[in-house]
Structure formats: C-alpha cells, structure tokens
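For reference, the structure is listed below as structure tokens.
Naming: A, B, ... by sequence-line order, numbering from 1 per chain.
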2 protein chains.
Amino acid sequence: MTPSHTAESARRSAGDPPPAELRSRLLGALEGLLAHRAFDAVSVIDIIRAAGVSKASFYFYFASKQAVLAELVRQAVRRGHEAADPWVSPDAAGPSDPVEGLRQGVTDGARLWRENAGVLKAIVESWGSDDGLRALWLDQMNSFTDAAVTRIEADPEALRHLGGVDVQATAAGLTWLGERLYYLAAAGVPPFDDQTVLIDTLTNAWTATLYGRRAADGRPAGGAIVDGHEGR
Amino acid sequence: MTPSHTAESARRSAGDPPPAELRSRLLGALEGLLAHRAFDAVSVIDIIRAAGVSKASFYFYFASKQAVLAELVRQAVRRGHEAADPWVSPDAAGPSDPVEGLRQGVTDGARLWRENAGVLKAIVESWGSDDGLRALWLDQMNSFTDAAVTRIEADPEALRHLGGVDVQATAAGLTWLGERLYYLAAAGVPPFDDQTVLIDTLTNAWTATLYGRRAADGRPAGGAIVDGHEGR
DNA sequence: GCGGCGACCATACACCCAGTCTGGACTACC
DNA sequence: GGTAGTCCAGACTGGGTGTATGGTCGCCGC
C-alpha cells in the first residue's frame with residue numbers, strides 16, 4: 001500500500017502548507033460526510049480516512065468527533081448571527097412593515113439552514129446525548145432568544161399586544177419553534193419540506209404571537225411567494 | 001408485577017409466571033433505567049442485568065434496545081391519546097370557553113410528559129438516529145396533528161380567524177412546538193422547567209394562532225399582571 | 001417414570017468503534 | 001548533522017452489539 005500519498009501529499013512538502021492545516025482538513029472532512037450521512041453513523045475512522053490524516057493527529061487537534069462538530073456549529077452560527085444582525089437592529093434599513101421584517105428574518109434563517117443543513121441537522125440530532133454539544137446548542141438558542149427579546153422590547157406594537165405575557169418565555173418558544181421547523185424541513189419531513197409552507201408557518205406564528213394578526217399568506221399552494229397584502 | 005418473587009429468581013419456579021413474562025420485565029427494566037439515565041447511555045447489558053434476564057432471551061423478545069424503547073413509547077402515547085380524547089371531541093362535557101379547553105389540553109399533555117418523562121425524553125433524543133424510532137415518532141406526531149386538525153375544523157371561530165392559512169401546517173407547527181417545549185421542560189431547561197411558564201407559553205401560542213387573542217394569564221390570584229422580565 | 005420439548009441461562013465469539021500509546025519517518029532549522 | 005516538530009502506521013485496551021452453542025430446569029405426553 002501507500003502509493004506515495006494519493007491526495008497531494010499527506011506530508012508537508014515544501015514549507016507551503018501552514019501548520020494546523022490538518023485541523024481544517026478534518027473540519028472539512030466531517031462537513032462533507034455530514035452532507036450524506038447522520039452524525040452518529042460517522043466514525044472517527046471515517047473522518048480521518050476522508051481527511052487523509054492519522055488517528056494520532058486527529059486526537060492532537062480534537063478531543064473527540066463531538067468537538068469537531070462543535071467547531072463546525074460555531075462557524076455556522078457565527079455566519080448566521082452576522083446574517084441576522086441587521087434584522088435585530090430595529091431601524092437599520094429593514095422593511096418598514098414589521099411583518100415583512102419578520103418574514104425576512106425567517107427567510108434568512110431558512111437560507112442559513114439550507115446552506116449548513118448537514119452540520120445543523122447533526123447538532124440537533126446529537127445535542128441530547130453529549131454534554132458538550134448540549135451546552136453549546138442551549139447557548140446558541142439562548143443567544144437567539146436574547147436577540148428576539150431585544151427585538152420585541154424595541155417594538156411598541158408587540159409590547160402592547162403582549163401585555164403582561166412573559167416576553168422571555170415567548171421569545172424562547174418562538175426560537176425553539178424555529179429550531180424544530182427548520183430541522184424538519186432539512187430532514188424532509190412534510191409539510192415543512194416545502195419552503196413556502198415552512199416560511200409561511202413560521203412567519204405566521206411570529207406575527208400571531210407578537211401582533212395578533214395573520215401574516216399575509218403566501219399562497220394556498222404552489223406559486224412563488226408574492227407578498228400581496230390581502231386584507232381577507 | 002409478579003408479587004411473589006420480586007426481582008430475584010431469574011428462573012421460573014412453580015409454573016405461576018405466565019410465558020413472555022420476561023418481555024414485560026425487560027420493558028420495566030428499561031423504563032426504570034431511563035428514569036435516571038439517557039437512552040444511549042443504557043446498554044443492552046444494563047437492561048438484562050436490571051431485568052435479571054439473559055442476553056439470549058433479550059434477543060428472543062426484542063430485535064434491539066431501540067425496539068424496547070419503541071414499545072414503551074407506544075404504550076405511553078396510547079395512554080396519552082386516551083387522555084386527550086375528550087379534548088378532541090368538541091362538545092363532550094369540556095369547558096365551554098375554548099381557551100380554557102386549550103389550556104386543559106395543554107395541561108393534560110404536561111401531565112403525560114411528567115408521568116413518562118424518561119421514555120419520552122429518550123425517544124425525542126433518539127429518533128433522529130434510528131430509522132425505526134424515527135418512523136414511530138413521526139407517526140405519533142402525525143396522529144396528534146390530525147387530532148388538532150379535526151379539532152380546529154370543528155371550531156368556527158378558529159376557522160374564521162385562520163382564514164386561508166394552511167390548517168394542516170399550522171396544526172403541525174403547534175404539535176411540534178409542544179413536543180419541543182415539553183421536552184425542554186422535562187430536561188430542566190429554563191424557562192420551561194417552570195410548569196406555569198410552560199403551560200402559559202404553550203396555551204398562549206395556541207390561542208394566539210387560532211383566535212388571535214391572548215390566553216388569560218395563569219395565576220388567577222393577584223389581580224394585576226406582573227409585567228417585566230423574569231430573570232432567566 | 002421416561003424421553004422430548006420449550007423456556008431459559010451462561011458464555012464464547014466475531015465484529016466494530018473509541019481513545020491511548022509507541023515507534024519511526026520526514027522536514028526545518030540551527 | 002543533530003535536534004525538535006510534525007505527522008503516519010498500527011498495536012492495544014476496553015467496551016459495545018448481535019449471534020451461536022451447549023446446558024439446565026420443569027412440564028407434558030406416553
């Protein structure tokens with residue numbers, strides 16, 4: 001065996017590859033595997049084979065395969081927060097209609113999930129059975145909840161409609177509803193495998209909770225999202 | 001079960017124990033273990049030790065430990081459906097106020113989860129990584145969704161408020177929100193570890209979605225609503 | 001009362017995986 | 001050319017699943 005290293009020399013050759021490049025190869029390998037397979041159907045051996053890295057090196061850079069996933073999740077969520085940032089700040093060039101603002105945020109979330117489906121599916125399926133992943137995911141959900149609370153408390157109409165309802169708990173519920181529906185969509189579970197249904201349902205939940213009114217529904221079925229603002 | 005010999009005597013003694021009694025001993029053993037431990041921290045060996053049953057017998061009655069969990073889930077959900085049955089049928093001596101009816105259903109769900117916390121936590125944490133459990137859980141959620149759809153379509157006020165919104169998707173969303181929040185409550189995640197917060201938040205989501213109004217706040221005592229943020 | 005059968009136990013085994021550790025090879029730099 | 005750093009190959013322990021084998025007990029038909 002050992003046909004002189006298949007994929008461009010597992011060995012460092014001419015000083016070009018930066019140190020700790022193996023680390024990102026491992027990250028990329030797991031990400032790739034997760035595109036086609038569930039996290040706990042992936043073994044450490046699969047990862048190191050895909051990365052062309054030895055077991056010893058794997059355990060030099062990561063404590064476990066859960067740690068690799070955790071790093072991928074942090075990367076994905078960091079990108080997600082950057083995307084959601086303009087949505088949180090109230091008057092930063094967003095749509096003036098608050099319902100349209102919500103729909104925009106929901107749509108951004110759907111895009112984030114589409115672009116990181118493998119990694120996010122993996123964390124959602126695994127955070128229940130690993131303490132490190134659990135802490136990480138709860139932390140991420142808390143940060144999304146906090147952003148939602150900030151958003152709500154800057155919104156007089158929402159505050160008025162909510163009255164004395166617990167804002168923190170309401171925001172947390174909406175956050176977790178998002179986690180669930182995005183996951184089901186990514187997993188292909190009907191009816192949320194249809195992006196239009198997903199976005200309409202989530203948007204509707206937010207607007208009904210915060211404003212007591214329906215979002216303009218996309219369409220009963222089929223067509224693209226035409227946000228016609230229909231009275232009734 | 002089997003009052004005569006408690007947990008000792010793995011051997012059949014005097015013809016009293018019915019055949020296939022080992023099966024229920026195995027079910028009980030897993031249920032007991034799940035009260036204190038996560039499902040995937042339980043091995044087949046743990047189960048057979050707790051049940052006082054041999055490995056060979058285990059694999060005679062069940063194909064895997066997932067199959068044991070599946071049976072426990074079916075039992076728990078069957079009880080749950082029986083409990084929720086009066087809630088679905090519209091005029092069967094339930095509370096006249098539909099909001100109170102919803103709160104009752106939500107409260108019943110919370111009780112079901114409290115009484116079967118171990119088993120239900122286990123399925124929620126594991127259905128993502130086993131095909132059999134996945135099919136089972138999706139099926140259960142579908143049956144709850146169907147019940148909700150039936151309930152909604154028999155409710156003129158809800159229908160009027162929903163207008164053209166996709167009833168199926170809305171009902172599915174509310175069902176999955178319940179799954180998530182009940183699970184978080186069972187797992188002790190704030191703020192839903194507080195039963196009052198859990199029930200208020202879920203009830204509020206249902207009433208806001210179906211009727212566009214807030215549920216009457218929980219705690220009937222006190223009169224004035226305590227607004228403001230509860231410390232997480 | 002004897003042989004067989006069915007329910008059950010004990011254990012060994014084949015296989016897979018996680019995580020640790022050793023030995024050796026290559027490169028860079030002094 | 002030596003030394004330190006980086007990496008690989010693979011052995012090894014320990015634990016898990018699921019199967020296969022042989023033995024033990026009580027019962028039932030004869």
Side-chain angles (χ1 to χ4, degrees), chain A residues 1-30 33 37-70 122 126 129-133, chain B residues 2 4-5 7-27 29-30 33 37-70 122 126 129-133:
Chain A
M1 286 255 204
T2 322
S4 78
H5 301 308
T6 50
E8 190 59 20
S9 86
R11 179 137 348 249
R12 195 135 59 115
S13 57
D16 38 334
E21 182 237 345
L22 292 203
R23 191 182 138 91
S24 55
R25 280 233 300 275
L26 288 165
L27 288 167
L30 178 56
L33 289 169
R37 224 188 305 177
F39 178 63
D40 60 34
V42 175
S43 71
V44 172
I45 294 176
D46 294 330
I47 301 175
I48 66 176
R49 270 206 281 258
V53 161
S54 80
K55 216 175 183 185
S57 302
F58 177 93
Y59 283 104
F60 176 77
Y61 286 110
F62 295 101
S64 64
K65 64 173 181 164
Q66 282 81 11
V68 188
L69 176 59
S126 308
S129 49
D130 179 90
D131 285 345
L133 295 180
Chain B
T2 52
S4 56
H5 50 203
E8 303 309 306
S9 85
R11 173 116 13 223
R12 193 138 58 118
S13 56
D16 39 333
E21 183 237 345
L22 291 204
R23 192 182 138 89
S24 56
R25 280 232 300 276
L26 288 165
L27 288 167
L30 177 56
L33 289 169
R37 224 189 303 179
F39 178 63
D40 60 33
V42 174
S43 72
V44 173
I45 293 175
D46 294 331
I47 300 174
I48 66 177
R49 270 208 281 258
V53 160
S54 80
K55 213 175 179 188
S57 302
F58 177 93
Y59 282 104
F60 176 78
Y61 287 109
F62 296 101
S64 64
K65 64 172 181 164
Q66 282 81 10
V68 188
L69 176 59
S126 308
S129 48
D130 179 271
D131 284 347
L133 295 180

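Of the side-chain N and O atoms in B:Tyr61, one or more sit less than 4.0 angstrom from OP1 or OP2 of C:dC8. For A:Ser57 and D:dC7, the shortest distance from a side-chain N or O to OP1 or OP2 is not below 4.0 Å.
Distance B:Arg25 CZ to C:dC8 C1': 10 Å, rounded to the nearest Å. One interatomic measurement links the two molecules: CG of A:Asp130 to P of C:dA18, which rounds to 13 Å at whole-angstrom precision. Distance, B:Arg49 CZ to D:dG15 P: 11 Å, rounded to whole Å. Taking atom CZ on B:Phe60 and atom P on C:dA10, their separation rounds to 18 Å, with Å as the unit. The CD1-P distance, from B:Ile47 to D:dG18, rounds to 10 Å in whole Å. Distance B:Tyr59 OH to C:dT11 C1': 15 Å, rounded to the nearest Å. The interatomic distance linking B:Phe62 (CZ) with D:dT17 (P) rounds to 15 Å, in whole Å. For the pair B:Phe58 CZ and D:dT19 C1', the interatomic distance rounds to 14 Å; values are reported in whole Å.
Proximity of residues 37-45 of chain B to DNA chain C (heavy atom under 4.0 angstrom from any strand atom) is not detected for any residue.
Closest to the side chain of B:Ser64, from the set C:dC9, C:dA18, D:dG18, is D:dG18.
Scored by the side chain to side chain contact (heavy atoms under 4.5 Å, CB included) test, A:Ala63 finds no partners at all (sequence neighbours excluded). In this view, B:Ala56 and B:Ser54 satisfy the side chain to side chain contact (heavy atoms under 4.5 Å, CB included) rule, not counting sequence neighbours.
One finds the CG atom of B:Leu30 at 8.0 Å from the CZ atom of B:Phe58 (value rounded to the nearest 0.5 Å). Between the OG atom in B:Ser57 and the CZ atom in B:Arg25 there is a gap of 9.5 Å [rounded to 0.5 Å]. Separating the CZ atom in B:Arg23 from the CZ atom in B:Phe62 is a distance of 4.0 Å, to the nearest 0.5 Å. In this structure, CD on B:Gln66 lies 4.5 Å from CZ on B:Phe39, to the nearest 0.5 angstrom.
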Quick test: give all pairs of protein nitrogen or oxygen and nucleotides 11-14 of chain D nitrogen or oxygen below 3.5 Å, distance rounded to 0.1 Å.
none

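A:Val42 and A:Leu33 make their closest contact through CG1-CD1, 3.8 Å (heavy atoms, listed as atom of the first residue, atom of the second, distance). Of all the heavy atoms in A:Val68 and A:Leu26, the pair that sits closest is CG1-O, 4.2 Å.
Annotation: salt bridge (Lys or Arg N to Asp or Glu O under 4.0 Å) contacts involving residues 39-60 of chain A, sequence neighbours excluded, comprise A:Arg37-A:Asp46.
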